[in-house]
Amino acid sequence: MGDDMDDDQEQRLGRRERGILALERRGFGGPGAKERAIREELDLSPVRYYQLLNALLDDTRALAHDPVTVNRLRRVREARRAER
């Protein structure tokens, strides 16, 4: 029985990962608003935030947690890669 709980724990995103996805669901008005939210709410530098976000887009746990946001961000990422 304990093994199932361990498996569940491994499958769940941590608080920081859930916070990153929640922040991505929000809209931000004005220049710098998102970067300010990243620093104040998640206590991360914007550079570190985007590194973690990019890794999350390839994480199956993130896809299971918030498929709409993850798939939208994956499409944006792929479009940017195609422009290069």
Side-chain angles (χ1 to χ4, degrees):
M1 217 187 310
D3 290 339
D4 290 341
M5 200 153 89
D6 292 341
D7 290 343
D8 286 347
Q9 201 70 348
E10 289 175 15
Q11 294 304 315
R12 282 195 212 123
L13 291 175
R15 181 183 303 144
R16 181 168 60 180
E17 289 85 359
R18 289 191 314 269
I20 289 169
L21 292 173
L23 201 124
E24 284 299 317
R25 283 192 297 272
R26 290 168 35 198
F28 291 93
K34 184 174 184 179
E35 285 72 17
R36 193 166 42 255
I38 289 167
R39 289 182 193 282
E40 291 174 1
E41 296 173 26
L42 301 173
D43 195 29
L44 292 169
S45 73
V47 169
R48 183 66 181 138
Y49 172 86
Y50 288 110
Q51 290 171 337
L52 292 168
L53 175 61
N54 195 49
L56 263 179
L57 296 184
D58 297 321
D59 189 326
T60 56
R61 295 172 307 155
L63 184 62
H65 177 77
D66 190 345
V68 173
T69 301
V70 171
N71 283 321
R72 175 179 56 83
L73 293 169
R74 283 178 174 179
R75 286 191 299 274
V76 169
R77 181 176 69 178
E78 289 308 312
R80 287 188 180 143
R81 285 181 178 167
E83 289 174 5
R84 292 182 191 156

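Side chains are part of it too, since the values below use all heavy atoms of this structure and drop only hydrogens, waters and symmetry mates. This structure is a prediction, so every number in the text was calculated from the model and none was measured.
- For CZ of R25, the number of neighbouring non-hydrogen atoms (other residues, nucleotides, ligands) closer than 6.0 Å is greater than 12.
- One finds a salt bridge joining R26 and E41 here, because a Lys/Arg side-chain nitrogen approaches an Asp/Glu carboxylate oxygen to under 4.0 Å.
- The structure places CG of N54 at 11.0 Å from CZ of R74, a figure rounded to the nearest 0.5 Å.
- Among the candidates L23, L44, I20, the single residue satisfying the side-chain contact (heavy atoms from CB on, under 4.5 Å) test with L53 is I20.
- For E78 and R81, the salt-bridge test passes: some basic side-chain N is under 4.0 Å from an acidic carboxylate O.
- Put simply, OH on Y49 and CZ on R39 are 13.0 Å apart, with the number rounded to the nearest 0.5 Å.
- With values rounded to the nearest 0.5 angstrom, N71 atom CG is found 5.5 Å from L63 atom CG.
- In this structure, the separation between CG on L13 and CG on L56 is 6.5 Å, given to the nearest 0.5 Å.
- Between H65 and R18 there is a side-chain heavy-atom pair separated by less than 4.5 Å.
- A salt bridge is defined here as a Lys NZ or Arg NE, NH1 or NH2 lying under 4.0 Å from an Asp or Glu carboxylate O, and R77 with D58 meets this definition.
- When the side chains of ILVMFWY residues are joined at heavy-atom separations under 4.5 Å, either directly or via intervening members, V76 and L52 end up in two distinct hydrophobic clusters.
- Taking the charged nitrogens against the carboxylate oxygens, E24 and K34 do have a contact shorter than 4.0 Å, which makes a salt bridge.
- Rounded to the nearest 0.5 Å, atoms CD (E17) and CG (L42) are 10.5 Å apart.
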